Amino acid sequence: MTCRFEFEMNNRSITVETGKVARQANGAVLLKSGNTVLLATAVMDEKPVEEHFLPLTVQYIEKSYAAGKIPGGFVKRETKPSDFETLTSRLIDRSLRPLFPKGFFYPVQITVMLLSVDDGADLQSLALDAASAALYISDIPVKKCVAGVRIGRKDGEFILNPTLDELEDGSLDLFVSGTKEDLLMIEMRSIGTVEVELEPSVTVDPMIDPMMAEQVIQFPRVNELNEEELVEAISLAQNAISLAAGEYEKAFAEAVKPKKDVELFDEVANPSIMTYIQEFYMDDINRALDGMAKSERGGELKAIVAKVMSDDVAVKEEWSEEEVKCAVDAVKRARVRSMILEEGRRADGRGLKDVRPISIETNILPSVHGSCLFTRGETQALVTCTLGNRQDAQMFERITGKSASYEEFMVHYNFPGFSVGEASRIGPPGRRELGHGNLAKRAIEPSLDKTELDAIVRLVSEILESNGSSSMATVCGGSLALKAADVPVQKLIAGVAMGLVTEDDKYAILTDIMGLEDHDGDMDFKVAGSKDGITALQMDIKLGGISLTLLREALEQAREARLHILEIMEKAAAEIEVNESILPSTEIFHVEPHKIVDIIGQAGKTIREIIEMFEVSIDLDKKEGEVKVSGPSKAKVKAACDHIKGIVQNGGAKKEIPQFELDKPIVGKVKKLVDFGAFIELPGDIDGLLHISKISRGRIDHPSDLLSEGQEVEVVVKSQKGHKIELALAKPLD
């Protein structure tokens with residue numbers, strides 16, 4: 001039966017058609033909004049899997065023809081999914097998985113295909129609604145509809161389901177999904193902005209900088225949300241979701257197929273086996289909990305199962321391994337929750353609000369632009385920062401874009417098996433790695449000072465050890481790695497994973513959860529932000545919903561933990577020693593426009609000599625008098641800038657370069673000390689570079705260990721290429 005449903009709600013129009021296409025699927029819909037068309041299908045296998053879990057697969061696929069494009073690259077067809085497709089698939093999975101009844105172990109595949117697209121469409125929200133509709137009208141035993149809502153913010157006002165342009169021009173991106181009764185998933189990020197103000201020319205002294213009178217003043221903003229503002233935005237989303245999901249269920253009632261009568265497998269452990277384990281193996285369970293407080297692995301539980309299976313009673317009663325495994329897990333789960341709710345303590349001995357011990361080391365990798373080893377309890381992340389130029393930006397194409405875009409800030413997260421003591425193959429990143437990296441990026445990116453940053457930035461987080469909250473360790477380590485690489489950031493960002501355990505009218509909010517508590521708890525959410533508010537949040541709710549009052553309390557407890565972590569991070573940041581000698585850098589300054597010719601020199605001779613001598617690139621704007629100097633070493637860039645300013649102040653380039661005889665001792669004067677050596681003033685008013693490796697017979701940390709500015713030294717010229725003169729001490733110092 002073909003049905004057509006039209007909806008006008010939450011600032012958008014949607015049409016859903018059923019029974020028209022893909023009729024051999026268990027459920028299929030065509031969802032249209034403007035010129036955007038999505039096909040969603042849901043298919044279920046008749047045979048359950050032997051393992052007790054829900055094998056749900058979600059695939060969101062964008063077809064290039066939807067935007068009138070042919071795929072780029074050598075192979076002219078859709079191949080590997082983009083990061084956006086993968087993250088959208090993950091978002092749909094996390095929203096729909098809680099809808100399936102307990103004990104449902106039949107493979108289900110949900111496919112969403114983008115067939116036509118509008119430039120301003122919110123594809124994630126529409127894809128979720130389409131997937132939910134296909135699942136709801138199918139004969140798969142799911143009896144609730146899910147709706148997704150996005151909230152933006154502009155000029156302090158929340159916007160319900162903004163267009164992409166409205167979202168990008170605003171300061172908030174909040175995505176919430178749920179049923180008409182309950183919230184299921186929340187993802188939030190703040191969007192950094194730059195506010196521009198015109199400075200009245202009468203207040204600016206042009207002698208300080210001749211261009212300042214003509215420039216605007218830029219103010220970067222992180223745009224964090226405080227806890228109350230976030231709860232207000234979530235409340236707005238909850239009302240919109242309740243309306244949409246209720247309308248969907250009401251309208252789709254006539255199109256819903258009769259639900260399959262499938263066997264739901266009993267997940268409840270055998271009470272007799274549980275009693276036996278509690279009586280004779282409780283010490284083993286407690287020892288296992290102690291071990292699981294130190295690792296995400298459950299190897300201790302496997303050992304208990306094997307021990308019980310060899311027990312005479314188990315053999316006599318013919319208990320199956322699956323029954324024993326289920327009972328052991330149930331006893332373990334009950335013990336974990338009892339300790340938390342009844343005793344107010346956790347498996348590792350912490351109180352409910354305690355953060356695990358934190359240690360931080362920065363710039364431990366000498367050839368890396370910036371690095372941070374962040375350790376919190378048994379979770380450890382080594383985060384590195386690499387700076388590049390515009391050519392290093394990651395190019396990507398959005399189906400809604402007319403041309404390629406460039407990602408200038410990248411966060412890549414890696415989770416090798418050894419981090420949890422497993423011997424597994426290291427391969428390309430999966431959905432988990434992409435999701436965690438994306439969360440860390442969303443948390444950190446608003447803190448970048450885009451008015452000062454003139455580089456492409458890549459953070460890589462190598463998880464070396466994991467027992468919960470490795471994504472939040474990535475946030476903390478990543479923020480400090482940026483500082484270690486001298487990247488301009490407005491504020492440090494810290495993250496913490498929170499948990500919730502509830503039974504009847506009792507509940508406990510947990511700070512800095514470990515893997516054990518994530519598995520046996522009722523909710524986990526990750527909160528990241530600065531001392532002034534939240535920049536990113538991710539929440540998955542395993543309960544039948546959460547009240548805004550409880551959410552507010554959890555966010556406040558997370559704020560206390562975040563401030564504690566930030567205090568430790570601030571101390572570590574104050575002790576950072578930047579690897580300036582290897583940092584690429586760019587400096588921009590202004591000179592009087594008519595002085596540009598002095599920097600260029602006759603037929604470009606002066607500027608070529610500067611480029612050769614300092615190994616930098618120089619861009620000049622003759623009209624504005626702007627000088628931009630870039631290079632792979634911050635110290636060399638600064639030295640080049642000082643040299644250029646000297647030329648400008650002295651009224652032009654220096655006189656003809658003398659030619660020196662190689663290896664003949666000459667006396668020079670130490671003019672300037674830098675990290676990588678010293679500039680020596682030679683006869684003929686020309687400078688040569690004495691590299692740090694040519695100063696001493698042994699290794700020294702800085703030229704100032706043996707030399708001082710103004711000191712006369714005897715040197716020899718080792719090579720001379722125009723203005724670039726390389727020196728060595730005639731007699732190396734001890």
Side-chain angles (χ1 to χ4, degrees), residues 3-7 9-10 12-22 25-33 36-44 54 56-61 85 87-101 104 106 108-115 121-150 161 175-187 237-257 259-260 540-541 544-545:
C3 298
R4 178 185 175 91
F5 308 97
E6 296 183 0
F7 304 92
M9 56 193 176
N10 297 336
R12 66 184 182 191
S13 302
I14 293 176
T15 300
V16 177
E17 294 183 81
T18 68
K20 184 175 181 178
V21 297
N26 293 73
V29 302
L30 274 178
L31 184 146
K32 300 178 182 178
S33 180
T36 298
V37 181
L38 291 151
L39 167 65
T41 63
V43 180
M44 183 189 88
L54 169 60
L56 173 64
T57 303
V58 177
Q59 295 173 294
Y60 168 75
I61 303 167
E85 289 172 288
L87 293 169
T88 302
S89 300
R90 194 168 183 262
L91 180 147
I92 297 171
D93 184 306
R94 290 162 50 207
S95 298
L96 298 184
R97 189 174 288 270
L99 302 182
F100 288 85
F104 183 91
Y106 298 82
V108 174
Q109 184 180 62
I110 296 173
T111 304
V112 183
M113 293 169 54
L114 179 66
L115 306 180
D122 183 350
L123 296 176
Q124 288 186 328
S125 180
L126 293 173
L128 173 59
D129 285 10
S132 174
L135 184 61
Y136 182 73
I137 68 159
S138 74
D139 54 5
I140 300 171
V142 168
K143 300 178 181 179
K144 290 186 177 182
C145 249
V146 163
V149 166
R150 196 178 297 275
N161 284 330
F175 187 88
V176 185
S177 67
T179 65
K180 65 181 180 182
E181 298 93 1
D182 302 316
L183 295 180
L184 297 175
M185 190 210 66
I186 303 172
E187 280 204 353
Q238 186 177 35
N239 293 333
I241 288 169
S242 181
L243 169 65
E247 288 293 316
Y248 288 154
E249 289 184 9
K250 181 180 177 181
F252 294 155
E254 64 180 280
V256 175
K257 297 178 182 179
K259 300 299 181 182
K260 285 181 178 289
D540 292 307
I541 303 168

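Remember, it's a predicted structure, so these values are computed and weren't measured experimentally. Residues: numbered from 1 along the sequence shown.
When the shell of 6.0 Å around NZ of Lys259 is examined, it contains more than 12 heavy atoms from other residues, nucleotides or ligands.
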Subject >> Leu114 vs Leu123, side-chain contact (heavy atoms from CB on, under 4.5 Å): CA-CA, chis, key distance, verdict >> reply: CA-CA 9 Å; Leu114 179 66; Leu123 296 176; 3.9 Å; yes
Subject >> Stepwise side-chain contact (heavy atoms from CB on, under 4.5 Å) test for Phe252 and Val16 >> reply: CA-CA 9 Å; Phe252 294 155; Val16 177; 4.0 Å; yes
**OP:** For the pair Leu184 and Ile541, evaluate side-chain contact (heavy atoms from CB on, under 4.5 Å) and give the outcome as yes or no after the intermediate values.
**Re:** CA-CA 5 Å; Leu184 297 175; Ile541 303 168; 5.6 Å; no
**OP:** Go through Tyr136 and Leu99 one step at a time and tell me if the side-chain contact (heavy atoms from CB on, under 4.5 Å) criterion holds.
**Re:** CA-CA 10 Å; Tyr136 182 73; Leu99 302 182; over 6 Å; no
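Taking 4.5 Å as the limit, every side-chain heavy atom of Ile140 sits out of range of all side-chain heavy atoms of Lys260. Residues Ser132 and Tyr248 form no side-chain contact, since every pair of their non-hydrogen atoms from C-beta on lies 4.5 Å or further apart. Using a 4.5 Å cut-off on side-chain heavy atoms (C-beta onward), Met44 and Ser138 make no contact. For the pair Gln238 and Val176, the minimum side-chain heavy-atom distance is 4.5 Å or more. Residues Asp540 and Arg97 are not in side-chain contact: their nearest non-hydrogen atoms beyond the backbone lie 4.5 Å or more apart. The side-chain heavy atoms of Val21 and Leu30, taken from C-beta on, include a pair separated by under 4.5 Å. Side-chain contact between Lys32 and Glu17: present, with at least one pair of heavy atoms (C-beta onward) separated by less than 4.5 Å.
Across Gly148 and Arg12, no two heavy atoms sit closer than the pair O-NH2, 3.5 Å. Looking at every heavy atom in both residues, Tyr60 comes nearest to Ser89 through N-OG, 2.8 Å. The two residues Ala245 and Ala147 make their nearest non-hydrogen contact at N-CB, 4.0 Å. Residues Thr179 and Ile241 share a closest heavy-atom pair of O-CG2, 3.6 Å. Scanning both residues, Leu38 and Ala130, for their nearest heavy atoms gives CB-CB, 4.4 Å. Between Ser177 and Val146, the shortest heavy-atom distance links the atoms CB-CG1, 4.2 Å.
A distance of 11.0 Å separates CD in Gln59 from CD1 in Ile92, rounded to the nearest 0.5 Å. Note that CG of Leu31 is 12.0 Å distant from OG1 of Thr18, once rounded to the nearest 0.5 Å. Note that CZ of Arg150 and CG of Asp122 are 4.0 Å apart. Values are rounded to the nearest 0.5 Å. Remark: Leu126 CG to Thr88 OG1 distance equals 11.0 Å, nearest 0.5 Å. Separation of atoms CZ (Phe175) and CG (Asn161) is listed at 9.0 Å; rounding is to 0.5 Å. To the nearest 0.5 Å, atom CD of residue Glu187 and atom CZ of residue Arg90 are 7.5 Å apart.
Under the 30°/60° scheme for interplanar angles, the aromatic rings of Phe100 and Phe104 are found to be tilted.
Checked by atom type, the side-chain pair Gln109/Thr57 shows no donor-acceptor distance below 3.5 Å.
Between the side chain of Asn10 and the backbone N or O of Ala240, at least one donor-acceptor pair lies under 3.5 Å.
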